[in-house]
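Encoded as structure tokens, the structure appears first; notes follow it.
Ligands are counted one by one from 1 in listed order, and the atoms in each one are counted from 1 as well. Below, all heavy atoms of this structure are taken into account, side chains as well, without hydrogens, waters or symmetry copies. Since the model is a prediction, treat every value here as computed from it, not as a measurement.
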Amino acid sequence: MPLAHSILMMIKNDGVLSEILISREIIQQRVRELGAQITISFRGKKLCICPLLDGGMVFAADLMREIDLPLTLLPIKASIYAGTQSSGVITLAWGIPDEIKGQQILIVDDILDTGRTLETLRRLLLEAGALSVTTCVLLRKEYAKDLPADFIGFEIPDQFVVGYGLDLDGLYRNFPYIGVLKSPAKA
Ligand code: IMP
Ligand code: MG
């Protein structure tokens, strides 16, 4: 079984990745640590997890199982179109669910890049009546190092990465590790 598994991983990688940046085991270990930190931060409280679809769903699915609190789940599907304007425009496929009112929200996303998605959503959720909004991202790129998130899994170099929820044109989200795409990379 381990041999079959590693052969399968090689096939999946073929022609796509130049390297595996963060292995499955290291991700699992860090997700456990983040879950423990979040559990401690919210001890005695209820938490509502808002995974940002599609990129944040793999991370959120693992993270929520490492959080030992009463929690509910309200996925949000957000896409951002930066266009030529620096502010960008966020589109929410089904808006902000009414149930967020009065709740302590934890937004879970894959990566902090320009930070527009998280910042816009934080504001929208507070305006819609959330009691508090906390953010958790698996990755933060080097050039985003001054952008805030409450919980961060890994700081990574400014490379285009895929896997563990992150995609290129919808592909590679199923890789169980984070890998760097062979150039030319596309954001
Ligand atoms: P931003 O922080 O608002 O710019 O949005 C971050 C979003 O851009 C993420 O949720 C990803 O969908 C996408 N993104 C940014 N960098 C990468 C990358 O290296 N690989 C895959 N998706 C990325
Ligand atoms: Mg994406």
Above 12 or not: heavy atoms from other molecules or residues under 6.0 Å from CG of Asp68?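 Counting neighbours around CG of Asp68, 12 or fewer heavy atoms of other residues, nucleotides or ligands fall under 6.0 Å, so no.
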Thr114 contact mode with ligand 1 (heavy-atom cut-off under 4.0 Å):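 Both backbone and side chain.
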Counting only heavy atoms, which portion of Asp109 has something under 4.0 Å from ligand 1: side chain, backbone, both, or neither?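 Contact part for Asp109 vs ligand 1: side chain (C-beta onward).
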Heavy-atom proximity to atom 19 (O) of ligand 1, best of Arg173, Lys141, Arg140: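 Closest candidate by heavy-atom distance is Lys141.
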Going by heavy-atom distance to atom 23 (C) of ligand 1, choose the closest among Ile90, Ile111, Leu121.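 Heavy atom nearest to atom 23 (C) of ligand 1 belongs to Ile111.
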Could an N or O of ligand 1 be found under 3.5 Å from any N or O of Val161, whether backbone or side chain?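 Such a contact does occur with ligand 1.
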Sub-3.5 Å donor-acceptor pair from the side chain of Thr134 to the main-chain atoms of Leu106, do we have one?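 No; zero donor-acceptor contacts below 3.5 Å.
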Donor-acceptor pair, distance only, cut-off 3.5 Å: does the side chain of Asp158 make one with the backbone of Glu142?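 Checking the backbone N and O of Glu142 against the side chain of Asp158, a donor-acceptor pair under 3.5 Å is found.
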Would you please say whether a donor-acceptor pair under 3.5 Å links the side chains of Tyr143 and Asp113?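 There is such a pair (donor and acceptor under 3.5 Å, judged by atom type) between the side chains of Tyr143 and Asp113.
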With the threshold set at under 4.0 angstrom, would you say Gly115 reaches ligand 1 through any of its heavy atoms?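 Flag set, Gly115 near ligand 1.
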Is Asp167 near ligand 1, meaning one of its heavy atoms is under 4.0 Å from it?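 Yes.
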With heavy-atom distances below 4.0 Å as the criterion, list the atoms of ligand 1 near Gln159.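 Per the distance check, 19 (O).
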With a cut-off of 4.0 Å, which atoms of ligand 1 are near a heavy atom of Thr117?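 It comes down to these atoms of ligand 1: 1 (P), 3 (O), 5 (O).
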To the nearest 0.5 Å, tell me how far Ile90 CD1 sits from Ser79 OG.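 These two atoms lie 8.0 Å from each other.
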Can you list every pair that meets salt bridge (charged side-chain N to carboxylate O under 4.0 Å, His left out) and has a residue in residues 51-63, with sequence neighbours left out?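 Sorted pair list: Asp54-Lys77, Asp54-Arg173, Asp62-Arg65.
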Residue pairs, two or more places apart or on separate chains, that pass salt bridge (charged side-chain N to carboxylate O under 4.0 Å, His left out) and touch residues 32-45: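 The answer is Arg30-Glu33.
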